[in-house]
Amino acid sequence: MANVTFKNNPVTLLGKEISVGETAPDFTVLANDLSPVTLNDSKGKVRLISVIPSIDTGVCSAQTRKFNEEASALSDEVELLTISVDLPFAQAKWCAAEGLDNVKILSDHRDLSFGEAYGVVIKELRLLARSVFVVDKNNKVTYVEYVGEGTDHPNYEKALEAVNELTK
């Protein structure tokens, strides 16, 4: 498993760690209107999945805004998903306040379906570990980053390079 800390304290990640080349596991999370969303709902598109512990924190907000800004320059073939365990209502309120429209913010609070499938559930906190996954049109994982320290930023450039490689 990935060695991850949160505020410099080691944490235990639950679920199966994902590797490049694997078939991306399906999952069910909730949209802001409480409707279910699965990976297969966006099949045929390149998916950039940005995973954050909580939308109401500085790094998580910055990560979501950064990918939202970059999404406007990406191909229409790309679906940008941000997943956290925040309640859908809190996510919707945050998006409205921030004016974000290029990213789908989804909640894994109900059953941790995504978190367990991708090995990012922080056992001690019931949050998701900061991470980024890129999944191609055929559901193959082409990029994975488990951020070593939960309060650090991911490598935005490498994640976006991985997306751009799939949309050339």
Side-chain angles (χ1 to χ4, degrees), residues 1-2 4 13-53 55 59-86 88 91-92 94-95 98-121 128-148 152-168:
M1 280 309 282
V4 173
L13 298 184
L14 302 177
K16 181 187 175 302
E17 185 174 342
I18 299 298
S19 299
V20 169
E22 292 182 31
T23 297
D26 201 10
F27 54 83
T28 301
V29 292
L30 298 175
N32 295 154
D33 64 1
L34 301 180
S35 63
V37 176
T38 69
L39 178 69
N40 286 323
D41 289 343
S42 57
K43 190 167 183 163
K45 290 194 169 204
V46 172
R47 278 68 50 96
L48 187 152
I49 305 171
S50 171
V51 184
I52 58 173
I55 196 67
V59 176
C60 296
S61 291
Q63 179 175 331
T64 304
R65 281 193 304 275
K66 172 73 172 173
F67 281 130
N68 182 73
E69 289 165 12
E70 296 292 339
S72 62
L74 297 174
S75 160
D76 289 343
E77 302 171 54
V78 178
E79 185 88 48
L80 177 56
L81 309 174
T82 294
I83 302 176
S84 73
V85 294
D86 294 300
Q91 291 174 335
W94 184 89
C95 285
E98 294 290 323
L100 300 189
D101 55 3
N102 292 321
V103 61
K104 289 183 179 177
I105 299 187
L106 305 166
S107 177
D108 198 24
H109 87 93
R110 187 174 61 188
D111 32 329
L112 299 173
S113 171
F114 174 85
E116 290 177 356
Y118 286 71
V120 295
V121 176
L128 301 182
R130 187 175 317 284
S131 48
V132 179
F133 303 90
V134 175
V135 178
D136 75 8
K137 296 176 184 181
N138 299 309
N139 287 349
K140 288 289 182 203
V141 177
T142 64
Y143 177 83
V144 173
E145 180 184 8
Y146 290 89
V147 179
D152 289 346
H153 288 269
N155 189 326
Y156 299 110
E157 292 75 25
K158 281 193 177 184
L160 292 165
E161 284 174 17
V163 169
N164 288 324
E165 281 295 315
L166 297 172
T167 58
K168 284 183 177 180

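Not measured: the values here are computed from a predicted model.
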K.L.:
For N32 and Q91, does a side-chain donor sit closer than 3.5 Å to a side-chain acceptor?
P.N.:
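Looking only at side-chain atoms, Q91 and N32 do form a donor-acceptor pair, the distance falling under 3.5 Å.
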K.L.:
Would you say that S35 contacts L30 through its side chain, given a criterion of any heavy-atom pair below 4.5 Å between the two side chains?
P.N.:
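No; the side chains remain at least 4.5 Å from each other.
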K.L.:
So, are E22 and K16 salt-bridged, with charged N and O less than 4.0 Å apart?
P.N.:
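Counted as a salt bridge, because a side-chain N and a carboxylate O are separated by less than 4.0 Å.
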K.L.:
Please report the interatomic distance CG(L160) to CZ(F67), rounded to the nearest 0.5 Å.
P.N.:
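Reported to 0.5 Å precision, the distance equals 5.5 Å.
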K.L.:
Report yes if some heavy atom in the side chain of P88 is under 4.5 Å from a heavy atom in the side chain of H109; otherwise report no.
P.N.:
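Yes; the side chains approach each other to less than 4.5 Å.
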K.L.:
Taking the side chain as C-beta and beyond, is there a heavy-atom pair between V134 and V46 under 4.5 Å?
P.N.:
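Side-chain contact under 4.5 Å: yes.
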K.L.:
The test is side chain to side chain donor-acceptor pair (under 3.5 Å); show your working for S113 and D111 and say whether it passes.
P.N.:
CA-CA 5 Å; S113 171; D111 32 329; 5.1 Å; no
K.L.:
Are K168 and L166 side-chain neighbours, meaning at least one heavy-atom pair lies under 4.5 Å?
P.N.:
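In short, these two side chains do not touch, never coming nearer than 4.5 Å.
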K.L.:
Calculate, to the nearest 0.5 Å, the distance between atoms CG and CG belonging to L112 and L14 respectively.
P.N.:
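Answer for the CG-CG pair, L112 versus L14, is 8.5 Å.
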K.L.:
Just to verify, what does E98 make a salt bridge (Lys or Arg N to Asp or Glu O under 4.0 Å) with, not counting sequence neighbours?
P.N.:
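Here the qualifying residues are R65.
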K.L.:
For Y146 and Y118, I'd like to know if the aromatic rings sit close, meaning centre-to-centre distance below 6.0 Å.
P.N.:
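Y146 vs Y118: aromatic centres not under 6.0 Å.
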K.L.:
Could you verify whether a donor N or O on one side chain and an acceptor N or O on the other, from Q63 and S50, lie under 3.5 Å apart?
P.N.:
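There is such a pair between these side chains.
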K.L.:
Would a 4.5 Å heavy-atom cut-off, applied to side chains only, mark T64 and I52 as touching?
P.N.:
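Yes, at least one pair of side-chain atoms sits under 4.5 Å.
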K.L.:
Would you tell me whether N40 and N139 have side-chain atoms, one donor and one acceptor, within less than 3.5 Å of each other?
P.N.:
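Yes, side-chain donor-acceptor contact under 3.5 Å.
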K.L.:
Hey, mind stepping through K104 and T82 against side chain to side chain donor-acceptor pair (under 3.5 Å) and telling me if it holds?
P.N.:
CA-CA 6 Å; K104 289 183 179 177; T82 294; over 6 Å; no
K.L.:
If the condition is side chain to side chain contact (heavy atoms under 4.5 Å, CB included), which residues does S42 pass it with, not counting sequence neighbours?
P.N.:
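R47, E79.
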